[in-house]
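All values derive from a computational prediction rather than experimental measurement. Ligands are counted one by one from 1 in listed order, and the atoms in each one are counted from 1 as well.
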Amino acid sequence: MSGRTPILALPQDVAERIAAGEVIERPVSVIKELVENALDAGAHEIRVEIRGGGLRLIRVTDDGYGIPEDELERACARHTTSKISVVEDLSRLHTLGFRGEALASIAAVSELTLLSRPIETELLGEEHAAAWLTLRGGELTQHGRRARLHGTTVTVRDLFYNVPARLKFMRGARTETGHILQLLRRYAVGYPGVRFNLTIEEHTALQTSGTGDTATTLAELYHLPLAEMLHPIARIATEHYVLHGYIGNRALAQNSRQHMMLFINGRWVQSRPLQDALEAGYRGLLPKGKHPLLVMHVELPTEEVDVNIHPAKTEVRLEREAEVATALTQVVSSVLGSSPALPASMQFPGPELVSQRRLPGARRRGLHVAESAQGYPPGAAIPATAEVLTTLRPLAQLQQAVILAETPDGSLYLIDQHRAHERVIYEHLRRTYTGVQEDVVADSYLLLEPVVVELKRHEAELFEQRLPMLRGLGLECERFGGRSFLIRSVPSGVGQEQLAGHLSELAEIAAEDSNDWEDRLLIGLGCRSALRRGRDLGIDEQRALITALAGVSAPAVCPHGSPILLHYSRTFLIDKFDW
Ligand code: ADP
Ligand code: MG
């Protein structure tokens, strides 16, 4: 049974605590409320139909637990709900809805028909048919009974017939249809176990099979073999939160943030700080102005999430926002940092572009021969963990730039020697950087001939202030009169000879007026002292570099965000050679 409680009017004190504001601002808000009601009712299948940008008709049909006949009218009254009853419930919400206003608000500006059959009547036989009622402008006009399986259908006609907003939306029907498609896509991704179907002007615009698998749902929505471009984030649970989802690689970079889908306790939310945090995890990996495609679920104790701040319920206030933000950045950067790039032939342009013309064969490609793939979707990039890297056997060097190496099971890795070394040095410097600590002196290498660098006036001032921090890095510098500085030592563990020629460029980074100058300096040090391309490497040197790479936290991307590893899985070879 559903475990549903009756629909009742909210007591005055609770109604007063509900954040004020208009729930139904536009056609897409009607659909949002109706879909949320269907999800709250435990639906497994939700069908949405729209005509005329939603102004002529919106119909949402579900197979949820339904509404008893004697509660239909109450469901459409203001501040009536089955979801909360006392003030304390606001801080322990387990449903998407709780305000008890949506049906009333929709009914006030349209002709609304509510047809429902509660799940429990199905045991009683056909004579207990579904009941329906129609309200126009909020007034009851008709009611009756008809046959139907359990569940609810809400039909909204002539939306905004009695308000000026109608005119505005009549002109923008196409825009509104776009918003509706986007909304359905989000719910379909957030609830992969529910079958969604959207028809626009009688054409199917979206359909999912409700298999429960997010990657499959994404592939259905975008018509792409996305598994290859998605990195799964397995359930990460701490005392305070649980995270899980999928993050797209850079081949999936998009022009807007529309495809970053963040859910908190199952609710799609818009949160600038958390979206920023997710993107921060991609630092350096996405071209400027591009945004990732990702699905991230955050589960938090309900009392730490305040949803009651905006009528649309898409903004939330989190008690531990900063902590969650840090965790999101970390999880994204560590997953991307250990995911090798895939061969170019396995990458596709952005989903927006492709979904419009439906890639032929995309489905077939999404169904690779299953690999022993340790629980990763077939064809997905297997994270280059330390375990994988330590098993690599170097085979040869290509163009004095790329190491070829094989795994015991016969897949091939291509390793960019310069970037690999850059990553190794960068992480070494980060680990040994002591910051400003009086007694601790970072390991450094004394230059036989100190190097003089000259800076611009404003740079010289900042550089002077930062001398203690530079010392913590192993860069011993001192003022040499005017705007000149003497650099006496460089950090140990970097290629000193090679670095000497780049010290003035690095000093300029160390004098930058930016928040991330320290990191940029470490990146610069790594880049300027790393093995160059064009250097011959013997097999032992190749092996040593691979071993060093196995010891870093993000072996797949260089500090600038470019790929270090290319992975040709055994499956890929089998597929391409048609073995
Ligand atoms: P809320 O969702 O905030 O409770 P609504 O006005 O959206 O308020 O709905 C009022 C009530 O009607 C809900 O609390 C629920 O009991 C019932 N209801 C609405 N839609 C459905 C549905 N699709 N299936 C079952 N019950 C529903
Ligand atoms: Mg509701």
Side-chain angles (χ1 to χ4, degrees), residues 1-11 14-15 17-25 28-49 58-87 89-90 92-110 112-122 130-135 138 148-156 183 187 191 194-197 266-268 307-314:
M1 281 298 216
S2 59
R4 179 190 166 280
T5 50
I7 301 174
L8 297 171
L10 284 173
V14 189
R17 290 284 291 274
I18 303 282
E22 195 50 63
V23 191
I24 302 304
E25 285 178 322
V28 68
S29 18
V30 172
I31 295 170
K32 174 177 189 293
E33 293 298 331
L34 298 180
V35 167
E36 289 192 351
N37 280 346
L39 290 168
D40 281 345
H44 297 293
E45 178 164 9
I46 300 175
R47 308 179 72 83
V48 180
E49 203 184 318
I58 292 172
R59 180 178 288 136
V60 177
T61 306
D62 69 56
D63 61 351
Y65 54 57
I67 307 172
E69 182 169 4
D70 61 349
E71 292 182 22
L72 284 181
E73 211 173 330
R74 208 176 311 136
C76 300
R78 200 160 287 269
H79 289 154
T80 55
T81 181
S82 60
K83 300 171 192 176
I84 64 169
S85 56
V86 291
V87 169
D89 291 337
L90 284 171
R92 51 181 181 226
L93 291 174
H94 294 281
T95 49
L96 296 169
F98 61 90
R99 303 169 51 93
E101 297 183 297
L103 290 181
S105 305
I106 300 166
V109 293
S110 68
L112 180 144
T113 299
L114 179 60
L115 161 72
S116 194
R117 177 168 182 183
I119 196 162
E120 47 281 5
T121 63
E122 229 145 72
W132 61 268
L133 51 75
T134 297
L135 297 100
R148 192 202 191 283
L149 293 176
H150 74 86
T152 303
T153 301
V154 182
T155 308
V156 179
L183 177 97
Y187 280 101
Y191 292 82
V194 177
R195 287 157 63 94
F196 280 89
N197 180 291
R267 186 185 302 280
W268 176 81
V307 189
N308 188 25
I309 53 178
H310 190 273
K313 301 167 291 180
T314 55

Can you tell me the protein heavy atom closest to [atom] and the distance?
atom	result
atom 22 (C) of ligand 1	T152 OG1, 3.7 Å
atom 19 (C) of ligand 1	N37 ND2, 3.5 Å
atom 23 (N) of ligand 1	D62 OD2, 2.8 Å
atom 6 (O) of ligand 1	L103 N, 3.0 Å
atom 2 (O) of ligand 1	K83 NZ, 2.7 Å
atom 26 (N) of ligand 1	I67 CG1, 3.3 Å
atom 15 (C) of ligand 1	S82 OG, 3.5 Å
atom 4 (O) of ligand 1	T81 OG1, 2.5 Å

Is it the side chain, the backbone, both or neither of E36 that has a heavy atom closer than 4.0 Å to ligand 1?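 No part of E36 is near ligand 1 at this cut-off.
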Location of contacts on A41 toward ligand 1, heavy atoms closer than 4.0 Å: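 It is the side chain that gets close, since no backbone atom is under 4.0 Å.
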The test is side-chain contact (heavy atoms from CB on, under 4.5 Å); show your working for S85 and L8 and say whether it passes. CA-CA 8 Å; S85 56; L8 297 171; 5.8 Å; no
From the options D62, L39, I106, select the one residue that forms a side chain to side chain contact (heavy atoms under 4.5 Å, CB included) with L34.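 Running side chain to side chain contact (heavy atoms under 4.5 Å, CB included) over D62, L39, I106 with L34 returns exactly one hit, I106.
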Whether the S82 and T5 side chains hold a donor-acceptor pair (N or O, under 3.5 Å, no angle test) is what I'd like checked.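 No - no donor-acceptor pair under 3.5 Å links their side chains.
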Can you list the atoms of ligand 1 that are under 4.0 Å from a heavy atom of [X]?
X	value
F98	3 (O)
R99	3 (O)
E101	6 (O), 8 (O)

Taking both backbone and side chain into account, is any N, O or S atom of T81 nearer than 2.8 Å to the Mg ion (ligand 2)?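 No - counting backbone and side chain alike, T81 has no N, O or S atom under 2.8 Å.
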Mind checking whether G97 has an N or O less than 3.5 Å away from an N or O of ligand 1?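 Between G97 and ligand 1 (N or O atoms, distance only) the closest approach is not under 3.5 Å.
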Could you tell me whether some N/O pair between G100 and ligand 1 is separated by less than 3.5 angstrom?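 Yes, G100 has an N/O under 3.5 Å of an N/O on ligand 1.
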Does ligand 1 have any atom sitting under 4.0 Å from a heavy atom of G64?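 No, G64 has no heavy atoms under 4.0 Å from ligand 1.
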Would you say E33 touches ligand 1, if touching means a heavy atom closer than 4.0 Å?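 No.
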So does [Y] get a backbone contact from the side chain of [X], meaning a donor-acceptor N/O pair under 3.5 Å?
X	Y	result
K83	D40	no
R148	A130	no
R267	L96	yes
Y187	W268	no
D63	E45	yes
R99	A19	yes

With a 4.5 Å cut-off on side-chain heavy atoms, are [Y] and [X] touching?
X	Y	value
E101	E33	no
F196	V35	yes
T81	T95	no

Ignoring hydrogens, just give me the one of T80, V154, T95, I7 whose non-hydrogen atom is nearest atom 10 (C) of ligand 1.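 That would be T80.
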Of the listed options A38, A43, A75, S116, closest to atom 12 (O) of ligand 1 (non-hydrogen atoms):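 It is A75 whose heavy atom sits nearest to atom 12 (O) of ligand 1.
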